[in-house]
Visitor: 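Below are the structure tokens for one structure; questions will follow.
Scope of the values below: all heavy atoms of this structure, side chains included, with no hydrogens, waters or symmetry mates. In what follows, chains are A, B, ... by sequence order, proteins preceding strands, each numbered from 1. Nothing here was measured: the structure is a model prediction, and the numbers come from that model.
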Amino acid sequence: MEKDTIYVKKITRIKDRHIGRAYFASIAIAITLIAQIVIPKSDTLFTKALPWYTGLLVIALAITTILAIYYTFFGGLKRFVFKSYFIGAAFLALGLYNLVTLKFTLLKPVFFPAPEKIIDVLIGDSGFLLKCLFHSAQLLAYGLGIGIITGLATGILIGWYSSWNYWLEPIVKSVGPIPSTAFIPVALSAFATSYQAAVFLIALASWFPIAVLAQSGVVNVKKTFFEVADTLGATDFQKIFHVAVPGALPNIFVGIFNGTCGAFLTLMSAEMIGVRYGIGWYINWQREIMSYANVYAGLVVIAVSFSLMIAILFKIRDYVLRWQKGIIKW
Amino acid sequence: MVATGQITFNNLRKVFPPRTETGSPVEALHHVNAEVEPGEFIALIGPSGCGKSTLLRLLAGLDQPSQGKILVDGNLVERPSRERGLVFQDPTLYPWLTIEQNVGFGPRLAGEYREKRQSIHEFIELVGLKGFEKNYPYELSGGMQQRVALARTLINYPKVLLFDEPFGALDAFTRMKMHDELLKIRERTNITMVMVTHDVEEAVYLADRVFTMTPRPAILKKIVDVTLPRPRRRDSTAFIKKKEEILDILNFTA
């Protein structure tokens, strides 16, 4: 009797699973892989065949199939099943791009290299790409670091002290909205090296949103929070660091997020105007010598590293603002 | 130990500047004179606009009187101080701090958080929130939050405890429970307490004396002694009589 009920339960559970959805990714990848193997390379291309794209598809097919089979029998893997449609669609899009480039050369091969060529660069040039990435990261760290520190200082000062507000706010409001790339000519002549100029421009780009949002955060902290602090014996200075700043943190994080995006933008521009090395410089240099496979590889590196950075920033925010649970987040 | 927490209101007047250019100044308090004995429980009661909250804010030192002065144990009240704790209707706990950190906020400002660790836990226990030390305010009910606010002021050992409609946002049952807990705390600490309320029953249940206030002119109309023995019964004839007496003064009975 007892065994029967367990048996029934298992059946219904397997029925409940989204089998079709789980296998969608592997089926889509299989179709892409078959297209890659069956359809011959365009006879207008004279480059030698590279194994990378096929290899990538095989690995992706193996992983998604194993996950889907695991899901069929044991359940779980919610995230994978949820993302399955997207993963499948992404590989189908990649396969389509492979068709119009490698297989039928519908697009100019010079500007639109086949996926296998891009992967070839990512693997073959990985050492140099990493060096460039490290260089960019360092430049970004200097610029963003200065931008965050000065931005927070400015925002807190003009949010808290009316005298600072009187003198600084007009400057923030007039200089801030100018895109920092507009300062490139000024920065290049004002600083000894283009590296220093780049650090300045990145700092400037992140300084403004952080300053403005830190200010509005400080201004919008509930007045009674300060009154309570008063009756608990707080000095003015303590009220800034124990009440105003923590109360402004949600806004400060929005500012840091916006500032980081501005910093990315400026980093790329700065690297294309004279800073040597760095991923933006790499892309610009490869474009000049017409190796578009390298340009795309550079873009892939940027996409991966920047989105990773934003993801880390969000994780930090979620930890620091854990007291905010239940309040809607942006 | 000398009893502390004696309060003197001396010819106190508060006038707010006009709201509009053509308007006239608003007199929020019209010459208040009164004395509060150490350890006394005073309720300030009256309709809105009678200046009871203004009086409390002046006593806390959050606003300055236009005329006259307030003395606590003979010292002039000029600015807020940890000697006069304040509990608002809204618990105003710092949402980014845990319960423990909220209660320890005063000690932290004084740079003695570590030394007072034991004391912080005792006060959390005193208000019946043992086990919630690591929780954040959003995880607590309104009544629990108000207890934390109370513990947060008590830990500074204030001479005077001020309440601005502290239980106004709580449901009737929680409110009655909080009344009894507040009286227990008062018995242990013997702090002078001044509470703004517009609940006559609350005033009669808690206070030794009730200051009735009226608007236009905003004056202290009459001080009513509540000498009923404690614990007080809300349904006793004497209790109901006292309520009627106060309502009568405030012109709320036919």
Visitor: Side-chain contact, heavy-atom cut-off 4.5 Å: B/Pro38 with B/Thr4?
Guide: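 Not in contact.
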
Visitor: For B/Ser81, is it the side chain, the backbone, both, or neither that has a heavy atom closer than 4.5 Å to a heavy atom of chain A?
Guide: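 Backbone of B/Ser81 only, per the 4.5 Å heavy-atom cut-off to chain A.
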
Visitor: Check each atom of B/Asn135 against the heavy atoms of chain A and say whether the ones under 4.5 Å are side chain, backbone, both or neither.
Guide: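 Looking at B/Asn135, nothing touches chain A.
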
Visitor: Verify whether one side chain among A/Thr266 and A/Ser180 offers a donor that lies under 3.5 Å from an acceptor in the other.
Guide: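 Yes, because at least one side-chain N or O of A/Thr266 sits under 3.5 Å from a partner of the opposite role on A/Ser180.
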
Visitor: Honestly, is A/Lys222 close enough over A/Phe225, meaning NZ or CZ under 6.0 Å from the six-membered ring centre and within 45° of the axis?
Guide: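 Yes, A/Lys222 sits over the ring of A/Phe225.
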
Visitor: Side-chain donor-acceptor pair under 3.5 Å between A/Gln215 and A/Glu169, yes or no?
Guide: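 The criterion, which ignores hydrogens and geometry beyond distance, is satisfied for A/Glu169 and A/Gln215.
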
Visitor: So for B/Leu93, is it side chain, backbone, both, or neither that comes closer than 4.5 Å to the heavy atoms of chain A?
Guide: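 The backbone, not the side chain.
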
Visitor: Can you tell me if B/Thr174 and B/Asp171 form a side-chain donor-acceptor pair at under 3.5 Å?
Guide: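 Yes, a side-chain donor-acceptor pair sits under 3.5 Å.
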
Visitor: Can you confirm if the NZ or CZ of A/Arg322 lies within 45° of the ring axis of A/Tyr319 and under 6.0 Å from the centre of its six-membered ring?
Guide: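 Flagged: A/Arg322 positioned over aromatic ring of A/Tyr319.
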
Visitor: Please look at A/Lys239 and chain B and tell me whether the side chain, the backbone, both or neither of the residue comes under 4.5 angstrom of a heavy atom of that chain.
Guide: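 Nothing of A/Lys239, per the 4.5 Å heavy-atom cut-off to chain B.
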
Visitor: Please flag which part of A/Val320 lies under 4.5 Å from any non-hydrogen atom of chain B: side chain, backbone, both or neither.
Guide: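 Neither the backbone nor the side chain of A/Val320 comes within 4.5 Å of chain B.
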
Visitor: Given the options B/Leu62, B/Leu86, B/Thr153, B/Val87, which has more heavy-atom pairs under 4.5 Å with chain A than any of the others?
Guide: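 Top option by heavy-atom pairs under 4.5 Å: B/Leu62.
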
Visitor: B/Arg108, B/Glu83, B/Arg152: which one forms the most heavy-atom pairs within less than 4.5 Å of chain A?
Guide: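 Among the listed options, the one with the most contacts to chain A is B/Arg152.
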
